[in-house]
Structure formats: structure tokens, C-alpha cells
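Below is one structure, written out as C-alpha cells, with a few remarks after it.
Just so you know, these numbers use all the heavy atoms, side chains as well, and skip hydrogens, waters and symmetry mates. Here is the naming used below: chain letters follow the sequence lines, and residue numbers restart at 1 for every chain. It should be emphasised that the depicted structure is a prediction, and the values quoted were computed from it without experimental measurement.
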There are 2 protein chains.
Amino acid sequence: MEFIENAVGRKIPKYIEGVGVLKPYRGPFATKPEGRKYAPSKAYNTPGDNKILNNIREAIEKTGLKDGMTISFHHHLREGDYILNAVVDQIAKMGIKNITICASSLNKVHEPLIEHIKNGVITGLQTSGLRGKLAKEISTKNILGSPVIFRTHGGRTRAIEAGDVKIDVAFLGASACDKMGNMNGVDGKSAFGAIGYAMVDAEYADKVVAITDNLVEYPLYPISISQTLVDYVVIMDEIGNPSLISSGATRVTKNPLELKIAENAARAIIDSGYIKNGFSFQAGSGGSALAVVKFVKEYMEENNIVGSFASGGISSYMVNMLESGLFKALFDTQTFDCEAGSSLRRNHNHIEMSASTYANPHNKGCVAHQLDIMILSATEIDVNFNVNVMTGSTGIIMGAQGGHPDTAAGAKFTVVVAPLMRKRIPIVVDEVTTVVTPGETVDIVVTERGIAINPRRTDIIEKLSKSNLPIMTIEKLKNLAESFTGIPEKPEFDEEIVGIVEYRDGTIMDVIRKVKQK
Amino acid sequence: MEFIENAVGRKIPKYIEGVGVLKPYRGPFATKPEGRKYAPSKAYNTPGDNKILNNIREAIEKTGLKDGMTISFHHHLREGDYILNAVVDQIAKMGIKNITICASSLNKVHEPLIEHIKNGVITGLQTSGLRGKLAKEISTKNILGSPVIFRTHGGRTRAIEAGDVKIDVAFLGASACDKMGNMNGVDGKSAFGAIGYAMVDAEYADKVVAITDNLVEYPLYPISISQTLVDYVVIMDEIGNPSLISSGATRVTKNPLELKIAENAARAIIDSGYIKNGFSFQAGSGGSALAVVKFVKEYMEENNIVGSFASGGISSYMVNMLESGLFKALFDTQTFDCEAGSSLRRNHNHIEMSASTYANPHNKGCVAHQLDIMILSATEIDVNFNVNVMTGSTGIIMGAQGGHPDTAAGAKFTVVVAPLMRKRIPIVVDEVTTVVTPGETVDIVVTERGIAINPRRTDIIEKLSKSNLPIMTIEKLKNLAESFTGIPEKPEFDEEIVGIVEYRDGTIMDVIRKVKQK
């Protein structure tokens with residue numbers, strides 16, 4: 001295998017059998033697209049068309065789904081999703097093999113895929129992330145036999161639009177759907193809010209199957225995905241359990257350590273001058289990230305500051321800020337709890353957006369590139385400010401790229417919040433296990449005991465030099481962490497590549513290797 | 001020139017220099033699309049992009065608009081549109097020549113195009129229709145020198161999606177727009193309502209310029225066309241005069257003749273059993289067509305009937321029916337008056353739709369194909385039920401295809417209303433001057449003195465046989481007309497082809513020849 005070093009110093013294979021030629025990452029905006037997008041297939045419709053089918057089996061038959069094809073799913077129902085397992089079980093029953101899944105993300109609930117992978121039903125995975133047993137089986141046993149392709153939320157829509165992945169059949173869950181396939185995620189017992197990830201699948205997949213547990217009278221409104229894109233409609237008893245959508249991302253932490261980190265981060269943001277009228281803001285998931293919002297909110301209220309928009313996965317906490325007039329609008333690609341879903345239904349200024357609108361670098365303007373402030377968490381940060389959110393200190397896959405690299409590249413001020421250590425494992429390290437977000441796009445790292453500013457940001461260094469925040473170099477922060485934890489043993493890896501970390505522009509940021517079994 | 005006869009008996013050239021190979025019309029759903037759509041060009045965006053330009057000239061320069069290119073416009077501002085003339089004037093000033101205009105329609109206000117055509121600035125026209133002096137100059141003098149391509153509303157989006165026409169630069173008026181190019185037509189002093197025709201241009205044009213007289217704070221909401229599709233934003237003092245949008249399409253006629261036709265039509269529809277709970281409905285423009293709605297409304301109220309949806313160009317009359325609970329929803333691709341525009345802004349169940357969603361036969365399901373009843377007007381109808389709405393009895397172009405052929409093909413029951421004669425010219429004739437809507441898609445022709453049912457609809461013939469409506473054969477209706485008018489002299493034509501009437505599926509329904517000068 002021949003390798004080439006990319007712009008973050010990772011050795012990337014030039015070619016992987018079954019995947020193709022890999023282009024190394026060259027910088028956040030260095031690789032520009034050429035040519036034209038992938039062209040969706042033409043379609044045809046006549047009066048009296050009946051799209052309603054009896055069950056998933058019939059949908060598989062009618063769409064012509066067969067060995068070797070690629071199918072897609074969205075993960076808006078998160079740990080409550082029933083659709084992916086139901087479809088793949090049926091595919092397995094019908095004896096279809098060698099299927100690639102292109103999902104916006106995979107969660108613990110998708111553990112049954114392990115058996116389908118072992119049986120040769122599923123032979124390819126493309127996703128934002130992997131968690132739980134499935135991730136462990138892939139990381140430690142390479143059960144898939146080919147690398148999982150990990151994409152960012154923006155990168156996935158870019159890849160689909162560019163034809164890097166061609167979806168044969170998309171199975172898209174809708175909490176409300178009419179007989180012609182108009183869909184939304186805001187009505188019905190399984191309402192999950194925005195359906196932003198599914199929009200690109202609907203546009204580009206050769207065949208699109210809407211799956212719902214709530215068939216409504218024609219026409220449905222509001223329409224998030226149009227009948228013009230849908231081939232078939234299947235009714236299930238339940239598409240999922242919406243009570244499992246929220247994963248605590250909504251609650252502000254009470255953990256004093258996380259609150260300390262958040263307070264430090266908020267002070268750094270405020271002192272850097274970014275909180276002012278018309279500013280825009282996003283906070284990722286994770287205890288400290290959301291807690292930052294609490295301090296930002298207090299500062300806005302005290303100083304009568306009104307922001308422009310907040311974006312992202314939207315929780316009821318952000319809805320509360322919208323309804324209090326602290327932000328003019330919310331952009332929502334994925335809704336984190338029921339209350340936020342109801343706001344999307346109710347508030348004109350709570351705007352549903354596609355994943356392309358959210359974060360695709362290869363359209364004419366994405367929302368992530370309009371952000372002033374982005375708060376992100378991390379599992380590891382290295383002395384070059386590179387961030388890992390994909391693998392744990394054991395080397396095992398346990399997370400997702402999500403919008404992390406997208407928003408870091410887009411925002412004017414990207415703040416990474418993390419504890420200095422977790423269970424005696426240092427978080428600031430010499431070299432991250434896996435590079436997900438390049439250090440060039442990270443402006444500041446905030447921990448409970450120290451804050452490191454990217455040397456590129458001389459303006460911020462100057463601004464914060466007068467503050468009494470514990471500013472130090474990233475090397476000193478690393479040494480501080482190691483002074484508590486010692487230098488931990490690093491995981492050992494085999495040569496086999498089990499994952500490819502694709503940057504949002506389609507170049508390769510890193511590869512993930514099989515963890516050596518001891 | 002070699003010809004081939006199409007399914008309505010018109011002789012279609014096999015090939016026209018500069019246009020290409022023509023496929024003859026074979027039947028409303030006989031020609032199926034093959035292969036994949038046209039692929040829009042890839043794009044690229046970075047944080048800090050500034051889309052705002054100083055003026056139209058700068059937009060022309062930045063988009064790289066040059067000799068031989070195709071530019072596009074929408075006609076939502078109808079006779080009040082200022083954008084097309086401003087852009088073409090600037091193009092002319094800059095010495096650019098040989099430009100093709102692909103507009104959703106052209107109106108009398110676009111008369112200045114005559115000079116631009118004579119000067120070689122504009123050498124190609126593609127539109128739904130032509131009116132006034134421009135139409136006359138083309139019909140009688142062939143000033144363009146190449147045939148105008150006339151498309152239906154559904155056919156235009158089909159053609160753009162299929163790559164039959166490739167738009168280099170789209171100039172899209174928005175009554176509200178933000179700095180990133182998010183657009184709508186419902187806010188601002190020049191609000192025109194739905195922006196349905198422009199949506200396909202935004203998706204497929206290589207470069208998209210938003211032109212607005214109302215730049216709003218980011219982000220605009222509601223968003224009808226997304227920032228992800230827009231390259232540049234230009235601010236004009238006024239994009240148009242919205243008081244000229246309404247062309248009387250809103251008022252119910254007081255003309256007793258038109259009321260008589262409408263009453264006959266309403267009785268035929270009611271007796272045919274189409275007005276029942278859950279039915280859907282559209283009425284085209286024209287005095288009698290809208291008057292039918294008045295009678296239908298009264299019947300619905302008397303019998304407590306609630307319809308599913310009404311669609312089309314939407315006027316305040318339809319909004320009133322929506323708000324009275326007579327219809328569950330409105331689908332709106334083009335708004336006919338300010339009051340309806342305000343309803344689109346206000347009512348969740350007043351649904352904006354793209355022209356593709358409205359009427360494109362080559363997507364996975366258009367609204368026109370969901371219609372139960374369609375009321376259409378006509379300038380001529382022949383004994384084969386073919387309808388002309390493009391040319392007058394003089395042979396001169398004076399109208400537009402609009403959604404006429406789309407909805408006629410889509411609706412379960414297509415009613416054409418027309419007076420038996422206009423100014424001693426018979427409307428029901430042996431052979432229409434120009435076939436626009438094929439007789440196969442027309443179910444019934446209603447005049448003030450007689451009603452003819454298409455012999456294909458034996459079910460309707462049976463149902464109406466018991467009524468006391470003046471049912472007769474179409475031949476008898478024609479004879480009745482001629483008994484009043486005599487047989488009028490037909491216009492004479494030269495060989496030169498000045499217009500091509502393209503059916504919604506891209507096949508050719510008819511050609512329009514230059515009117516012979518006497």
C-alpha cells in the first residue's frame with residue numbers, strides 16, 4: 001500500500017481496494033469541486049398513480065432492490081428509530097446480499113446490523129458515526145471487511161450531490177405523510193421535528209420510499225419533502241419511539257466541573273468581543289457545550305443583546321431563547337426534543353433546513369459558514385489543535401463526525417470545550433488518535449484549568465491577554481494534563497483499515513485502524 | 001423540409017435548423033422520459049463570501065454573461081415587471097449579442113424586446129406565451145428569425161430539468177431577500193406572492209442573481225428559494241409595480257353571457273357527480289372560468305361539501321373559500337392579487353409550490369395530476385375537442401399555454417368554457433388555428449347555447465342524458481355557431497415558422513407560421 005501525507009500529517013493510502021483512489025486533505029478550503037453534480041434519474045407520473053404499498057417487502061420488490069445496491073436512511077429518530085432494522089431484517093429475509101448502507105448516522109439501536117454484517121447482507125457502511133457494540137465489533141474484529149466511510153453532515157450531502165455515493169433506494173421515515181408522499185417530521189405520534197438529513201436522499205436516490213405511521217388526508221402541510229420526489233408510501237404501526245430522541249442534550253449540566261469549563265468558555269467568548277447585537281451562534285452536544293449557552297444567555301439578558309440566529313440540532317433550550325426574543329431565528333436541521341419539534345411547527349422564525357443548507361461546502365452558501373461562534377466538545381485535542389470525536393483512548397470507534405468539522409471550518413470563532421482529563425486519561429495530548437477536525441479550524445481550547453489559543457489567532461491572544469483567564473500554550477495545557485494523569489499507554493493497532501474519516505470536501509483526514517487484540 | 005404527422009394530425013417538421021430534431025406529439029402520456037436529469041454545476045462557498053453587488057451591470061460581469069448565452073426570468077410580477085427590461089437594456093448597453101431568453105412568460109410590458117430583437121441582442125425566445133406588439137411583430141414579420149419555443153408551465157420545468165434548455169444566468173426578482181440570497185415573494189412593497197416559476201431556474205441555472213428592492217436582515221423567513229442556490233444579490237429601487245399583477249382575474253364577471261356559460265358549466269359538473277366531499281378543483285383565468293367557481297361555491301355551501309384542495313394561480317376569491325372552510329388547502333404556484341399574497345404569508349394551509357410540483361409530468365407526482373375538476377377557457381375549440389389558447393382568429397399570437405395542457409391532462413374532468421362566438425367569429429370550429437391542448441384531454445365543452453361531451457366520456461354522456469342541459473354533439477355546436485356567424489375567412493400563412501408549440505412532455509403539438517401580409 002502506498003501512502004501520502006496529508007495537511008495534518010496523517011499518512012493516507014493512495015488507493016484502497018473497493019473504495020478507490022483517496023485524495024489527501026489539503027486544508028479546510030483548499031480542495032475545490034469541479035464539473036457538474038450527479039444527475040438524479042428522470043421520472044414519470046400519471047393521474048391515478050397509487051403510491052401506497054402494503055408493507056416493506058412490497059417496497060423492496062417494487063423498487064427493484066437487489067444484491068450490491070446502496071440504501072439510505074436518516075437518523076432523526078436517533079435511539080428510537082425502528083425503520084432501519086425493519087428494512088434490513090426484511091432484506092435479509094428475502095435473501096438479498098451485499099448491500100451498502102448510507103445513513104446520516106447509526107446509533108446503538110442499530111446493533112442488529114452485527115448479524116447482518118456477519119451474514120453478508122450488509123457489506124458496506126457509510127455514516128457520520130458508530131456507537132456501542134457495532135462500533136466495537138468493527139473496531140476490534142473488522143467484521144465488515146471493508147472500511148466504514150465516515151462523513152460529516154455537510155460532507156454527506158456533498159458526497160450524494162457529487163455522485164461519490166449513488167443511492168439506489170432511500171427509506172425515509174416520516175411522522176406524517178399523505179398518499180402522494182408529501183412528508184414532514186412535525187406531526188403525529190412519532191414526531192421528531194426537522195427532517196433535514198433526509199432531504200438530499202429524497203432528491204438524489206433513484207427510488208424513494210416514505211415510511212410512516214401516520215397517513216394523513218391529502219394534502220399534508222407543512223410539506224418538508226415533496227411528493228415530486230417520492231415513489232412509494234408504506235405504513236408501519238410505529239416508525240419509532242420519539243421519547244428516545246432526546247439524549248440529555250437538552251438539559252444544562254449540574255456537574256461543577258462542566259460548569260467551570262463552560263464559564264471559562266463563556267468568559268473567553270465575551271472577552272473576545274463576539275457576543276454583540278446580530279451575532280450568530282451554535283453549540284454542539286455535550287454537557288459543557290450546552291452549559292456555555294446558559295452563561296451566554298445571562299450575558300445577553302444583562303446587556304440587552306439580541307442575536308441574529310442560532311443553528312444546529314435545536315433543543316428546547318434554544319427555543320426558549322428564540323421565544324424570549326434573544327435570537328431572531330433558529331435554523332434547524334435536526335431537532336433534539338419534542339418541545340423543539342412543536343416550536344418548528346408553530347414558530348415561523350424556527351426554520352427547517354436541509355443538511356446541505358446547514359453545512360455543505362459545495363453549494364452556493366451554507367448556514368455553517370455564516371456562524372460567528374461555534375461551541376464544540378472533544379474526546380481528544382492535540383498540540384496542533386486537531387480534534388478527535390470519533391475514537392476513544394482505547395482506539396475503539398465511539399462517536400460521530402456530525403457537524404463538528406463543518407461548523408469549525410465555518411464559524412468565525414470556534415471554541416472547543418473539554419475537561420483536561422477523563423478517568424485519569426488526558427484529553428489534551430501530543431497527537432490525537434484520529435483527526436476529525438483540523439487544528440487550523442479551531443481557535444481556542446477551553447478546559448477547567450487552562451485555556452489555549454491557537455497561535456494563528458494573534459487577535460484573540462491580544463484581546464484575552466488582559467483578562468484574568470488562565471491562558472497558556474497548548475503545550476503547557478498538555479503538560480498540565482499529564483502532570484495529573486501521567487503519560488498513558490497508547491492503544492496498539494493492526495494494519496487493517498476499518499474506517500476512513502472523510503473531510504467535508506471529500507478529501508481524507510485520517511484512517512482508523514483495527515485495534516490490536518491482546 | 002420533411003414533415004411527420006403527429007397524434008392530433010398536425011404536420012411537424014422533423015428538423016429545424018437552430019432548434020434541432022423535433023419529436024411529434026404521440027398522446028398525452030405516450031412519450032416517457034429516459035435516462036437522467038441534467039446536472040447543475042457544482043459550486044463552492046467559504047465563510048465571509050459577499051454576494052451583494054452594486055448593480056445589474058456588475059452582475060452581468062461577475063456571472064460571465066456573454067454572447068450566445070441563455071438567461072431566464074420569472075413573470076410573477078406580470079404587467080408590473082421591471083426586471084426583464086432593466087437586465088436586457090443593460091446587456092444591450094454592454095454590447096452583448098445573440099442572447100436567448102427563457103422566461104416563464106412574457107407580457108405586454110416586455111414590448112421593448114422588439115428593439116433588442118431587431119438589434120440582434122435577443123435572438124431566441126422561450127416562453128409560455130406572447131402578447132401585444134411583440135407577439136404581432138413576431139407573428140407578422142418574423143423579426144426574431146427563429147421560432148419562439150412555447151412551453152406549458154409544467155413543460156418548462158421539465159425542459160430545464162431534462163437539459164433541453166440550459167440556463168447560463170437566471171435573474172430572479174424577489175420582494176424580500178437577505179444578503180445570502182434567501183428569497184421570497186410575500187414580504188415587502190413589491191410582494192407578488194408565490195415564486196413557484198423561479199424555483200426550477202434557481203436549481204438549474206449555472207449562475208443565479210437575486211434582484212430585490214427589499215434587502216432584509218439575515219436570515220429572511222419564510223424562505224422560498226434558498227441561499228444555497230444563489231450566487232449574487234442586486235438591489236434595485238423597484239423590481240416592479242405589484243398593482244399591475246392583477247389583471248381582473250380576481251373579479252367574478254357581471255357579464256350575463258359569461259354568467260350563463262358559467263352556470264351551464266357548474267350544472268354539468270354537479271350533475272356529473274364531481275362535487276363531493278374531498279374533491280379538488282382548479283379554475284383557469286378568464287371571466288367564465290372564475291364565474292364557475294361562484295356557482296360551485298354556492299352548491300358547496302348549500303350541501304355542506306368540503307373540498308380537499310384548490311390549486312393554480314390563486315386569487316383572493318379562492319382564499320375566501322379556504323378561509324370559509326370550503327377547501328382544506330390551496331396549492332399556489334402564482335398569486336393573482338395582493339390579498340392572496342397576504343394569505344400565503346399567513347395561512348399554513350395556503351401552500352406555495354414550484355412549477356414542477358404544480359405540473360411537471362416528469363417528476364414522481366405533480367399536483368395537476370391530483371385534480372378532479374379543471375375549468376379552462378379557450379380562444380378556439382375544434383370538432384376533435386382540440387383547444388387553441390395561443391393564436392387569435394387572425395392567426396396572430398396573443399396568448400399563452402400556461403398550465404392549460406398540464407391541467408387538462410391531469411384532471412379527471414376537464415371542462416372548457418367559452419362563448420359560442422366572439423365579435424361574429426365562431427369559437428367552435430372545424431379545425432383550430434393552433435392546437436395547444438389535445439382533444440383527448442378535454443371532457444366537455446360548455447357554451448351559452450350548447451354543451452358538447454367528448455365521445456370518449458360515455459360515462460358523462462350517460463350521466464348528463466337525464467339533465468335538461470342543452471347537450472349536443474360538437475359538430476352540432478359548431479354548426480350552431482356558424483349559423484350565426486357564417487363561415488369566416490381563415491387567415492393565410494407563409495411557410496416560415498415563427499413558433500413551436502411544445503407539449504408538456506417535450507414533443508411537438510403544433511407549429512405557428514408567419515401570417516401572410518396582404
message: Any non-hydrogen side-chain atom of B:M353 less than 4.5 Å from a side-chain atom of A:Q227?
response: no
- prompt: Can you say whether B:D505 sits under 4.5 Å from chain A via the side chain, the backbone, both, or neither, judging by heavy atoms?
  reply: neither
statement: Heaviest contributor of heavy-atom pairs below 4.5 Å to chain A, chosen from B:V208, B:D206, B:L371, is B:D206
- request: Measure B:K207 against the heavy atoms of chain A and call it side chain, backbone, both or neither at under 4.5 Å.
  value: backbone
field: Backbone N/O of B:G181 and side chain of A:K364: donor-acceptor pair under 3.5 Å
entry: no
- line: Okay, B:D49 and chain A: the region with an atom under 4.5 Å from a heavy atom over there is neither
message: Please classify the contact of B:L229 with chain A as side chain, backbone, both or neither, using a heavy-atom distance under 4.5 Å.
response: backbone
field: Segment of B:I223 engaging chain A (4.5 angstrom heavy-atom cut-off)
entry: side chain
field: Which atoms of B:T31 approach chain A - backbone, side chain, both or neither, heavy atom under 4.5 Å
entry: backbone
message: Whether the side chain of A:H369 engages the backbone of B:G48 through a donor-acceptor N/O pair (distance < 3.5 Å, no angle test) should be reported.
response: no
- prompt: Where is the tightest heavy-atom contact between A:P33 and B:A43, given as atom of each residue plus distance?
  reply: CG-O, 3.0 Å
- request: Name the region of A:T357, side chain, backbone, both or neither, that has any atom closer than 4.5 Å to a heavy atom of chain B.
  value: both
- request: Heavy-atom distances under 4.5 Å only: say whether B:P222 touches chain A with side chain, backbone, both or neither.
  value: neither
field: Nearest-0.5 Å distance that lies between atom CD1 in A:I351 and atom CG in B:L220
entry: 7.5 Å
field: Spacing of NZ belonging to B:K37 relative to NZ belonging to A:K37, to within rounding of 0.5 Å
entry: 12.0 Å
message: Between A:S226, A:G278, A:P40, who has the most heavy-atom pairs with chain B when the cutoff is under 4.5 Å?
response: A:P40
message: For a 4.5 angstrom cut-off between non-hydrogen side-chain atoms, does B:K42 reach A:H362?
response: no
Within-4.5 Å side-chain heavy-atom neighbours: A:Y218 and B:V367: yes
- prompt: Heavy-atom distance under 4.5 Å to chain A: side chain of B:L330, backbone, both or neither?
  reply: neither
- request: Could you check if a side-chain atom of B:Y44 sits within less than 4.5 angstrom of a side-chain atom of A:P361, using non-hydrogen atoms only?
  value: no
task: Using non-hydrogen atoms and a 4.5 Å limit, figure out which bit of B:A162 sits close to chain A: side chain, backbone, both or neither.
output: both
- prompt: Side chain, backbone, both or neither: which part of B:T46 has a heavy atom under 4.5 Å from chain A?
  reply: both
- prompt: Could you go step by step and tell me if A:N363 and B:N45 meet the side chain to side chain contact (heavy atoms under 4.5 Å, CB included) rule?
  reply: CA-CA 6 Å; A:N363 62 31; B:N45 80 98; 3.3 Å; yes
- prompt: Under a 4.5 Å heavy-atom cutoff, which of B:M180, B:E217, B:K328 has the most pairs with chain A?
  reply: B:K328
- request: Identify which part of B:E34 has an atom lying under 4.5 Å from any heavy atom of chain A, answering side chain, backbone, both or neither.
  value: backbone
task: Using non-hydrogen atoms and a 4.5 Å limit, figure out which bit of B:E203 sits close to chain A: side chain, backbone, both or neither.
output: side chain
query: What option among B:G163, B:G410, B:A329, B:G35 has the most heavy-atom pairs under 4.5 Å with chain A?
result: B:G35
- request: State, yes or no, whether a side-chain contact exists between B:Y221 and A:H350 at a heavy-atom distance under 4.5 Å.
  value: no
message: Are the side chains of A:P47 and B:F29 in contact, using a 4.5 Å heavy-atom criterion?
response: yes
statement: If one checks every heavy atom of B:K51 against chain A at 4.5 Å, the contacting part turns out to be side chain
- request: Start with the C-alpha distance between B:R36 and A:Y38, add both sets of side-chain angles, then the distance that settles side chain to side chain contact (heavy atoms under 4.5 Å, CB included), and finish with yes or no.
  value: CA-CA 9 Å; B:R36 309 194 76 85; A:Y38 180 61; 2.9 Å; yes
